[in-house]
**Student:** 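Below you will find the structure I want to go over with you.
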Amino acid sequence: MNASATPEMAASNAKRERRGLWLGLVGVTVFAATLPATRLAVGDASAPALSPLFVTAGRAAFAAVLSAIYLAIVGAAWPNARQRRLLFVSSCGTVIGFPLFLALALRSVDAVHAAVVTGLLPLATAVAAAIRFRQRPSAGFWIAAVMGAALVVAFAAWKGAGALSAADGWLFASMSSAAVGYVAGAELAVEMPGERVISWVLVLSTPLTGPLAWYFWPTATVPLSAWAGFAYVTVFSMWLGFFAWYRALAEGGAVPVSQIQLVQPFLAMVFAVPLLGERLDPAAIAFAAAVVATVFIGRSMPAGRHAVDVAAPRAKAGST
C-alpha cells in the first residue's frame, strides 16, 4: 500500500464505520419495539388477544417462509451436521424459548417493566459466552454481573410489592434462553454470514413451528391491533432487524456498534407510551439507567483469552 492511498483509505474506512453505526441504530430501534409489539399481540390478562404459543410459533413460521426465499435467492449451501446442531441450539433459545417466555410474561407485566428486566440481556449473554468458551472473566466483570442482576431483582420485587411474580420468572427464563441461543449463533457467525444464520435457524425450525402455528391459530375474533403487533414481530423482530444489525457489525465493528444496545431499554419504554398508552415511570427509568450502567461496566472488563463480543450473538436475537 503506497502512502498516497492512505488518506483515501482512511476516509473510506471512516465512512464505512459511520454507516455501520447508523445501521446499528436502525437495528436496535427495530428490536426495541419488540416488547410493546409483543404486548399488543398477546394482550393482557384482562383482555387476552393472540395466544403466546401462537405468537411464538407463528412469527417464526411466517418468517421462515421469507427466509427460505432469501436462502434460495442467494444459493446458500445446506448446513453440515455440526452446523445443524448449533442451529438447533440457537433455535431452542431464540425461536422458541425467548419469544415464548417473553409473551407469557407480557400477559402480566407492562412493556416498561419488561424493558428494565431484559436490559440485562447483553450481560447475560456475556456470562453464557464465558461459560461456553471457557473464558476466565475478571473479578470486575463478575461483580458488575452480580450488581446488575441484583438491581433487576430489586426492581422486580419493588414492582411486586416485595415479592417476585411469575412474570418475572418468565422474563428471567427468556433472557437465559436468548443468551444460550445467541452464543450458539455466535459460533456459526464465523462460518457463514449472519443473515444466513438466522434464516437457517428459522427454516430448520419449521417442522415444529409450522404445525404449532396451525394448531394454535386463533378461532375467536382478535383485534386488528393484535394482528399488527404480530406482523411486526414476524417481519421485523424475527427477520429484517437482523439484516441491519449484522451489516452494522460488519461495517462499523462489533465493539463500537455493540454500545448502541445500551439505548434499547429506553427506546422500548418510549415506544410503549404511544403504542400501549403506558406511563414512563421515573423509578423505572432510574432502574433501567442503573442496569445499563452495570452492563456498560461489565462489558468493559476483561472477559478472558477467547472473548466473544456480546454484540455478535446479540445480533441473532433481539429481545427478538
**Student:** Can you tell me how far apart CG (Leu23) and CZ (Arg18) are? Round to the nearest 0.5 Å.
**Tutor:** 13.0 Å
**Student:** Is there a donor-acceptor pair under 3.5 Å between the side chain of Ser176 and the backbone N or O of Phe172?
**Tutor:**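 Here the side-chain-to-backbone pair exists.
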**Student:** For Met147, does the CE atom sit with more than 12 other heavy atoms under 6.0 Å from it, leaving out its own atoms?
**Tutor:** no
**Student:** In sequence, state the C-alpha distance, the side-chain angles, and the governing distance for Trp170 and Leu106, and then conclude on side chain to side chain contact (heavy atoms under 4.5 Å, CB included).
**Tutor:** CA-CA 9 Å; Trp170 291 127; Leu106 286 169; over 6 Å; no
**Student:** Starting at CG of Leu276, measure out to OG of Ser225 and round the result to the nearest 0.5 Å.
**Tutor:**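 Between Leu276 CG and Ser225 OG, I get 9.5 Å after rounding to 0.5 Å.
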**Student:** For residues Met192 and Trp78: do they belong to one hydrophobic cluster (side chain heavy atoms under 4.5 Å, members Ile, Leu, Val, Met, Phe, Trp, Tyr)?
**Tutor:** yes
**Student:** Could I get the full list of side-chain contact (heavy atoms from CB on, under 4.5 Å) partners for Ala37, not counting sequence neighbours?
**Tutor:**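 So Ala37 forms a side-chain contact (heavy atoms from CB on, under 4.5 Å) with Tyr232, Val233.
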**Student:** Over all heavy atoms of both residues, which pair between Val42 and Val55 is shortest? Give the atoms and the distance, please.
**Tutor:**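 Shortest heavy-atom separation between Val42 and Val55 comes out as CG1-CG2, 3.9 Å.
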**Student:** Return the set of residues passing side-chain contact (heavy atoms from CB on, under 4.5 Å) with Val127 (not counting sequence neighbours), or none when no residue passes.
**Tutor:**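 Partners of Val127 by the side-chain contact (heavy atoms from CB on, under 4.5 Å) criterion, ordered by chain and then number, come out as Ile131, Phe141, Trp142, Ala145.
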**Student:** Evaluate Val291 against Phe155 for side chain to side chain contact (heavy atoms under 4.5 Å, CB included), listing each step before the verdict.
**Tutor:** CA-CA 10 Å; Val291 170; Phe155 170 78; over 6 Å; no
**Student:** Give, for atom NE2 of His113 and atom CE of Met269, the distance between the pair rounded to the nearest 0.5 Å.
**Tutor:** 10.5 Å
**Student:** With the threshold set at 4.0 Å, does a side-chain nitrogen-carboxylate oxygen contact exist between Asp44 and Arg39?
**Tutor:** yes
**Student:** Compare all side-chain heavy atoms of Phe101 with those of Met175 and state whether any distance is below 4.5 angstrom.
**Tutor:**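 Heavy-atom side-chain distance check fails, nothing below 4.5 Å.
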**Student:** How many angstroms lie between atom CH2 of Trp217 and atom CG of Leu50, to the nearest 0.5 angstrom?
**Tutor:** 9.0 Å
**Student:** Do Leu212 and Leu53 make a side-chain contact, defined as non-hydrogen atoms from C-beta onward lying under 4.5 Å apart?
**Tutor:**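 In short, these two side chains do not touch, never coming nearer than 4.5 Å.
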**Student:** Following the transitive rule for hydrophobic clusters with a side-chain heavy-atom cut-off under 4.5 Å over Ile, Leu, Val, Met, Phe, Trp and Tyr, establish whether Val222 and Tyr215 coincide in one cluster.
**Tutor:** yes
**Student:** Take Arg59 and Trp239 through the test side chain to side chain contact (heavy atoms under 4.5 Å, CB included) and record every step on the way to the result.
**Tutor:** CA-CA 9 Å; Arg59 78 179 202 164; Trp239 199 58; over 6 Å; no
**Student:** Tell me every residue that passes side-chain contact (heavy atoms from CB on, under 4.5 Å) with Ala76, counting only those two or more places apart in sequence or in another chain.
**Tutor:**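 Result, side-chain contact (heavy atoms from CB on, under 4.5 Å) vs Ala76: Leu71, Val74, Arg196, Trp200.
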**Student:** Is Leu267 reachable from Val30 through a run of I, L, V, M, F, W or Y residues, each pair having side-chain heavy atoms under 4.5 Å apart?
**Tutor:** yes
**Student:** Are more than 12 heavy atoms from other residues, nucleotides or ligands located less than 6.0 Å from atom CH2 of Trp22?
**Tutor:**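 No - once you tally the heavy atoms of other residues, nucleotides and ligands closer than 6.0 Å, there are 12 at most.
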**Student:** Suppose we screen for side-chain hydrogen bond (donor to acceptor under 3.5 Å, both in side chains). Which residues come up paired with Arg132, at least two apart in sequence or across chains?
**Tutor:**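 Expected list: Glu187.
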**Student:** Side-chain heavy atoms nearer than 4.5 Å, only ILVMFWY residues, links allowed to pass through others: does that put Val117 and Val270 together?
**Tutor:** no
**Student:** Locate the shortest heavy-atom distance separating Thr209 from Ala60; write the atom from each residue and the value.
**Tutor:**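 Nearest pair, atom of Thr209 first, then Ala60: CG2-CB, 3.8 Å.
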**Student:** What distance separates Leu188 CG from Ile198 CD1, expressed to the nearest 0.5 Å?
**Tutor:**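 Interatomic distance, Leu188 CG to Ile198 CD1, rounded to 0.5 Å: 11.0 Å.
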**Student:** Do the side chains of Leu25 and Leu21 get nearer than 4.5 Å, heavy atoms only?
**Tutor:**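 No, side chains not in contact.
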**Student:** Flag the pair Pro79 / Leu87 as yes when at least one side-chain heavy-atom distance between them is below 4.5 Å, and no otherwise.
**Tutor:**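 Yes; the side chains approach each other to less than 4.5 Å.
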**Student:** If the test is side-chain contact (heavy atoms from CB on, under 4.5 Å), which one of Arg82, Arg84, Gln83 qualifies with Leu86?
**Tutor:**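 Testing each of Arg82, Arg84, Gln83 against Leu86, the sole residue satisfying side-chain contact (heavy atoms from CB on, under 4.5 Å) is Arg82.
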**Student:** Checking Ser237 side chain against Phe31 main chain: does a donor-acceptor pair fall under 3.5 Å?
**Tutor:** no
**Student:** Using atom types as modelled and distance alone, determine if a side-chain donor or acceptor of Ser174 lies under 3.5 Å from a backbone N or O of Leu102.
**Tutor:** no
**Student:** If a pair satisfies side-chain hydrogen bond (donor to acceptor under 3.5 Å, both in side chains) and one of its residues is in residues 271-282, list it, with sequence neighbours excluded.
**Tutor:** none
**Student:** Do Leu208 and Ile96 have side-chain heavy atoms sitting under 4.5 Å apart?
**Tutor:** yes
**Student:** If the condition is side-chain contact (heavy atoms from CB on, under 4.5 Å), which residues does Leu240 pass it with, not counting sequence neighbours?
**Tutor:** Val235, Phe236
**Student:** When clusters are formed by joining ILVMFWY residues with side-chain heavy atoms under 4.5 Å apart, either directly or through shared neighbours, do Met238 and Trp214 land in the same one?
**Tutor:**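 Hydrophobic grouping puts Met238 with Trp214.
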**Student:** Is there side-chain contact between Ile285 and Val112, with at least one heavy-atom pair below 4.5 Å?
**Tutor:** no
**Student:** Might you point out which heavy atoms bring Thr94 and Ala178 nearest each other, and give the distance in Å?
**Tutor:** CG2-O, 4.3 Å
**Student:** Rounded to the nearest 0.5 Å, what separates atom CG in Leu66 from atom OG1 in Thr234?
**Tutor:**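 Spacing of CG (Leu66) from OG1 (Thr234) equals 9.0 Å.
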**Student:** So, for Pro265 and Gly119, which heavy atoms are closest and what is the spacing to 0.1 Å?
**Tutor:**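 That would be CG-CA, 3.9 Å.
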**Student:** Which class fits the ring pair Phe54 and Phe230: parallel under 30°, tilted 30 to 60°, perpendicular over 60°?
**Tutor:**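 The rings of Phe54 and Phe230 lie parallel, inter-plane angle below 30°.
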**Student:** Taking all atoms of both residues into account, what is the closest heavy-atom pair of Arg107 and Pro52, and its distance?
**Tutor:** NH2-CD, 3.7 Å
**Student:** Does some side-chain heavy atom of Phe271 sit less than 4.5 Å from a side-chain heavy atom of Leu35?
**Tutor:**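 A side-chain contact under 4.5 Å is absent here.
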**Student:** Do you know the tightest heavy-atom contact between Leu164 and Ala157?
**Tutor:** CD2-N, 3.7 Å
